Amino acid sequence: MAVKSRRSLLFASGALLAVAAVAVPVVAGTAAADSGAAGAGNQARIVGGNQASIADHPYAVYLTDAGGNQFCGAVIVSSTAVATAAHCAKAVAKQDIRVVAGREDKRTSDGQVLGVSKIWVSQSYTDPTQGADIAVLTVRGQLGYRPANLPAKDDTQVYATGTQATVLGWGRIADGGARSDYLRSAQVPLVSDSECRSDYTVYDQQSMVCAGYRDGGIDACQGDSGGPLVVGDTLIGIVSFGDGCAKAGKPGVYTRVSTYADDVETQSRPRLLG
Ligand code: 4AZ
């Protein structure tokens, strides 16, 4: 989700409402939101990203809405469940969400398309900027692709500052332009809590983690929300929000998955027969 700068967040009391009003259509993937989302001066693309192979990242999936439009990313966490951002899970009615797995190029019919039978959203979630931006979708049927590994609950080692992580998604690749047809990936270093706190007053080190370069240039962007930030095959983050994309001093903000590892594990456990 896109957020305004620190100054405007503090400035207008209605800023969060205004942000929500902008963000919902953005994740819903409407043309109007796409043309307005980037904003002047933003480099709204995964700059420095490359086309990626689904074979290398089989857990990377995306979500489509009633119109078949990709509106968010997600990540396989078990044979029956995907994790995504809470703001993605709430953007589209459950009966309209489809999980598309095993499809590198959106224009093909590769892989599988599954409906959603159940949505769990963190009880602590209200808004991405308040943290806990995580949800687990239970799919109808079985996912035929390998899940990502979850970090241990409250693992801090995997969040060491400077660790190179990989963000994956089908989000925007050009300022004001279309989303990527192909899966793309980018390498981004994890940012320290103190640096991220100075970049975002809303930063909460329990529920969030930041990644990106001080000078910007490489980042997740609109449409990448809900998708994975991995180190190796371990899911350490979920794309949550940022002030634009790839701007200097505004790294991407991700949900800190280790904080929610127990909940995600419980919610992704394959249901018993019956
Ligand atoms: C979004 O709106 C979004 N640069 C995702 C990631 C970032 C910004 C916005 C981080 O889906």
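Each ligand, and each atom within it, is numbered from 1 in the order the structure gives. If you're wondering where the values come from, they're calculated on a predicted model, not measured in any experiment. Reckoned from all heavy atoms, side chains included, excluding hydrogens, waters and symmetry mates.
- Listed by number with element, the atoms of ligand 1 under 4.0 Å from a non-hydrogen atom of Ser225 are 1 (C), 3 (C), 5 (C), 11 (O).
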Ser185 and His57: CA distance, side-chain angles, deciding distance, side chain to side chain donor-acceptor pair (under 3.5 Å) verdict: CA-CA 10 Å; Ser185 72; His57 310 281; 5.0 Å; no
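- The backbone of Cys221, and not its side chain, has at least one atom closer than 4.0 Å to an atom of ligand 1 (non-hydrogen atoms only; backbone = N, CA, C, O).
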CA sep, side-chain torsions, deciding dist, call: Tyr200, Asp243, side chain to side chain donor-acceptor pair (under 3.5 Å): CA-CA 9 Å; Tyr200 293 100; Asp243 179 353; 5.9 Å; no
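- Donor-acceptor pairing under 3.5 Å is recorded for the side chains of Asp204 and Ser207.
- In this structure, a donor-acceptor pair under 3.5 Å is absent between the side chains of Gln206 and Arg256.
- A side-chain donor from one of Tyr182 and Arg107 sits under 3.5 Å from a side-chain acceptor of the other.
- Using 4.0 Å as the threshold, Ser240 has no heavy atom nearer than that to any atom of ligand 1.
- Only the backbone of Met1 comes within contact range of ligand 1, with a heavy atom under 4.0 Å; no side-chain atom does.
- Under a 4.0 Å criterion applied to the non-hydrogen atoms of Gly223, ligand 1 contributes the atoms 11 (O).
- Ligand-side atoms of ligand 1 in range of Cys245: 4 (N), range being under 4.0 angstrom from any heavy atom.
- Between Gly242 and ligand 1, no N or O atom pair is found at a separation short of 3.5 Å.
- At a 4.0 Å heavy-atom cut-off, ligand 1 does not touch Val253 at all.
- Taking every heavy atom of Asp219 and a limit of under 4.0 angstrom, the matching atoms of ligand 1 come to 4 (N), 10 (C).
- Note on Val191 and Tyr159: separate hydrophobic clusters, where clusters join Ile, Leu, Val, Met, Phe, Trp and Tyr whose side-chain heavy atoms are under 4.5 Å apart, directly or indirectly.
- Comparing Ala220, Gly169, Pro128, Cys72 by heavy-atom distance to atom 10 (C) of ligand 1, the nearest is Ala220.
- Near Val239, with a cut-off below 4.0 Å to any heavy atom, the atoms of ligand 1 are 5 (C), 6 (C).
- A salt bridge does not link Arg103 with Asp110: none of the charged nitrogens is closer than 4.0 Å to a carboxylate oxygen.
- Residues Leu150 and Val231 fall within the same hydrophobic cluster, defined by Ile, Leu, Val, Met, Phe, Trp and Tyr side chains chained together at heavy-atom separations under 4.5 Å.
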